[in-house]
Amino acid sequence: MIISGAEKRSTKSRFSNSLWVKIGLTTLVLAGIVWAIVAYVQQENRVFPGKVVCDAENVEGKYFITDGIKFKGGTSQSKDWAFTGNYSCKVWKKRKYGITYSVYNPKPGERYKARVWVHRPKGTGGILVAAAPDNAIRTEAREPKQKHVEWELFEAVLDVPGNFKQNRLDFYVYTDEETLYFDDFTVERIKVEPTNYDLKVLNLDIADKWMDKIKAKRKAAMGLGILISADDDWIEGEIDENGKKIDVELRLKGDWLDHLRTDKWSYRIKVGGENSWNRMRTFSIQQPEARNFLDEWVFHKFLEKVDVLTPRYDFVEVIQNGVSKGIYAYEEHFDKQLVEYKKRREGPIVRFREDLAWLNVRREMEMYANDEGIYNRQFTNAEQSGQIAPFKEGKTKKSATLAQQFEQAQKLMQQYRHGTKPVEDIFDIDLMARHYAVVDLMNAYHGIAWHNQRYYYNPVTSKLEPIGFDGFSGGHEMGLWRNEARFIGEGTFNEKYDGIGLLTPLFKNEKFMEKYTEYLYLYSSREYFEAFIES
């Protein structure tokens, strides 16, 4: 077939036009698909705009719609009450959940704040929740932040942790029982100011032969149910401090198995020679969970604020034999650095020894496994018989000054135990009042059990000062548990008051109680406490 040049040009033009039409159609189809995907994503709230507000005014099917954003819970719309506009979200015991919004793909380090106004006809109930779907992270607001006529503002703030793996956070309101009305629900991502917190690193190296000894000790403790420490438990190790190798001795630390169950074992560490770590000669490291995470840290900060002695307590990343073990809490031990750091003169730190009580616990646990009453029975029996001893006993005995001061401290401790001297002649009453007011406010009762009490003998005042620590190990063992009292001293002057062991003479002393009550009122005031938390 012979085709002329004109026909060739015509055929080529038709082919070219057809190709461009196909390209154009394909582009339009792809653009349509992309637009549909974007629209779907936006419709399903997959892209968080930074802040969303549900005013409960408009409903489409099962959803509230505000500014094109969907919120679950539309079937709960009600015109009974409204904070703004004409409608709100009504929940009651048969429809517990109301307005709900999900943020997708949150990033570690982000912070979200949810707020909602609630009308509570009976003045109770109502919860605003911010949580991961499996509650791995969760925060709730059950009390109002502020009030306006018959409405109250609830606010919940949630920080996304660094190890967060899930792709969603849920924000929602619900009731546990009462009929409630929610309005003007907001979720926003708020700016997190950079922190100047400098996380320390503790590089700890332990040779294989010493690790074998530690593992054997842990295995024995796991089999028995408690850790009983002995003088021959200490093993050798080394700390690498900015390239400087420092010899240390260490052993497993803790009485109960919460210090040993995971692969983050607790250690007591003594730094050799004239060296120190972070200006401490003896200290402990333990997983933060053993002291209820940040609760113990806040407790120490409160004691520091009111000038009550407390060991230095903070957090550190522990790298053991080149492997990161994660975040630990470190805590200063009872050495002269503790009091000198707080501007006190060196003096003995004393306690009631608990060794025999633990040996009795061990013996009975071996004989009567799983007897939950063993601990309380043995420690109650030992309260009046525990030997009074100083920390750093060898050093104390070698120093004529410290030995003499210890004798005075020991006499005061005996008078305290047997109630043979007015407590104001034994203790610095003002500091004792501050200490126990903070304990009450923080719910930090574990540290005031008799075997956890620690006192510093102040050679200037010739009196004992409390050392606050260990407020949260193993639960709350004093105060509120005994009779549902709301604070330690409640009922002290009632004729039928049954006492709280060693603390009874203290809380029956009028001079102490006046100061203790004064500090309770001060520390628990909203203005004082919120200023402390902000600091």
Side-chain angles (χ1 to χ4, degrees), residues 197-206 214 229 233-254 259 264-288 290-291 294 296-305 307-320 325-351 389-396 399 402 447 452 454-458 465-473:
Y197 182 73
D198 181 21
L199 180 65
K200 291 185 173 295
V201 177
L202 175 65
N203 289 287
L204 176 63
D205 293 315
I206 305 172
I214 286 180
S229 298
D233 289 342
W234 294 94
I235 58 102
E236 297 176 12
E238 191 176 71
I239 289 176
D240 186 334
E241 183 76 350
N242 298 321
K244 179 182 178 181
K245 304 293 184 179
I246 301 174
D247 292 331
V248 298
E249 291 182 289
L250 67 154
R251 64 166 173 81
L252 291 177
K253 174 256 180 192
H259 289 273
K264 294 174 72 171
W265 305 343
S266 299
Y267 296 116
R268 174 73 44 74
I269 300 175
K270 295 191 296 189
V271 182
E274 297 300 316
N275 296 303
S276 65
W277 180 81
N278 198 27
R279 294 186 292 174
M280 296 182 293
R281 301 291 302 279
T282 308
F283 61 97
S284 299
I285 58 173
Q286 56 213 336
Q287 59 173 319
R291 296 282 178 83
L294 280 172
E296 183 77 14
W297 182 82
V298 176
F299 177 50
H300 281 255
K301 291 299 179 186
F302 210 137
L303 293 172
E304 288 176 4
K305 175 178 174 60
D307 196 33
V308 172
L309 288 172
T310 187
R312 281 170 279 177
Y313 188 95
D314 216 321
F315 301 98
V316 63
E317 180 186 7
V318 173
I319 298 177
Q320 182 175 313
K325 307 296 284 187
I327 304 300
Y328 273 71
Y330 70 81
E331 181 178 60
E332 182 178 20
H333 196 48
F334 302 96
D335 210 337
K336 73 171 187 174
Q337 286 79 22
L338 187 157
V339 297
E340 290 177 345
Y341 186 74
K342 301 298 183 353
K343 306 295 189 293
R344 269 47 159 209
R345 187 182 297 178
E346 182 181 5
I349 297 174
V350 293
R351 58 174 171 160
F391 287 90
K392 302 297 179 182
E393 193 164 356
K395 176 185 175 183
T396 301
S399 167
L402 288 176
N452 291 328
R454 305 287 186 264
Y455 296 99
Y456 155 68
Y457 177 78
N458 188 324
E465 293 186 23
I467 302 177
F469 88 117
D470 197 7
F472 294 94
S473 297

Where do V316 and W277 land on the side chain to side chain contact (heavy atoms under 4.5 Å, CB included) test, with the steps shown first?
-> CA-CA 12 Å; V316 63; W277 180 81; 4.1 Å; yes
What do the steps show when you test T282 against F391 for side chain to side chain contact (heavy atoms under 4.5 Å, CB included), and what is the final call?
-> CA-CA 11 Å; T282 308; F391 287 90; over 6 Å; no
Quick one: do I319 and V201 satisfy side chain to side chain contact (heavy atoms under 4.5 Å, CB included)? Show the steps, please.
-> CA-CA 7 Å; I319 298 177; V201 177; 3.8 Å; yes
Please assess K392 against K336 for the test side chain to side chain contact (heavy atoms under 4.5 Å, CB included), listing each intermediate value before the final yes or no.
-> CA-CA 9 Å; K392 302 297 179 182; K336 73 171 187 174; over 6 Å; no
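When all heavy atoms of L309 and E465 are compared, the closest pair comes out as CD1-OE1, 3.7 Å. When all heavy atoms of P288 and I327 are compared, the closest pair comes out as CD-O, 3.2 Å. Y455 and I467 get closest at one heavy-atom pair: C-CD1, 4.2 Å. Scanning all heavy atoms of the two residues, the minimum distance from I206 to E236 falls at CG2-O, 4.1 Å. In this structure, G468 and V308 approach most closely via the heavy-atom pair N-CG1, 4.5 Å.
Contact of the Y456 side chain with the K342 side chain is not registered, since no non-hydrogen atoms from C-beta on lie closer than 4.5 Å. For the pair I285/I269, a side-chain contact is recorded, criterion being any heavy-atom separation below 4.5 Å from C-beta on. Considering only heavy atoms from C-beta on, Q337 stays 4.5 Å or farther from R279 through its side chain. Two residues are said to be in side-chain contact when any heavy atoms from C-beta on lie closer than 4.5 Å; R345 and N458 fail this criterion.
Residues satisfying the side-chain contact (heavy atoms from CB on, under 4.5 Å) test with K343, not counting sequence neighbours, are none. H300 is linked by a side chain to side chain donor-acceptor pair (under 3.5 Å) to E296, T310, counting only residues two or more places apart in sequence or in another chain.
Rounding to the nearest 0.5 angstrom, the gap separating the CZ atom in R281 from the NE2 atom in H333 is 13.0 Å. Put simply, CZ on F299 and CG on L294 are 15.0 Å apart, with the number rounded to the nearest 0.5 Å. The CG atom of L402 lies 11.5 Å from the OH atom of Y457; values are rounded to the nearest 0.5 Å. Note that the OH atom of Y341 and the CD atom of E304 stand 7.0 Å from one another [nearest 0.5 Å]. Taking CG of L202 as the start and CG of D240 as the end, the distance is 10.0 Å to the nearest 0.5 Å. Expressed to the nearest 0.5 Å, how far CG of D335 lies from CD of E346 amounts to 8.5 Å.
Put simply, the side chain of R312 never gets that close to the backbone of E331: no donor and acceptor are under 3.5 Å apart. Y328 contributes a side-chain N or O that, together with a main-chain N or O of W265, makes up a donor-acceptor pair within less than 3.5 Å. A side-chain donor-acceptor contact under 3.5 Å links E332 to the backbone of L338. Listed for the K253 side chain is no donor-acceptor partner under 3.5 Å among the backbone atoms of S229.
Geometrically, R454 engages F334 in a cation-pi contact defined by less than 6.0 Å to the ring centre and at most 45° from the axis.
Residues S284 and R268 bring a donor and an acceptor atom of their side chains to less than 3.5 Å of each other. Side-chain contact of S266 with H259: a donor-acceptor pair under 3.5 Å is present, judged by distance alone.
Taking the charged nitrogens against the carboxylate oxygens, R344 and D307 do have a contact shorter than 4.0 Å, which makes a salt bridge.
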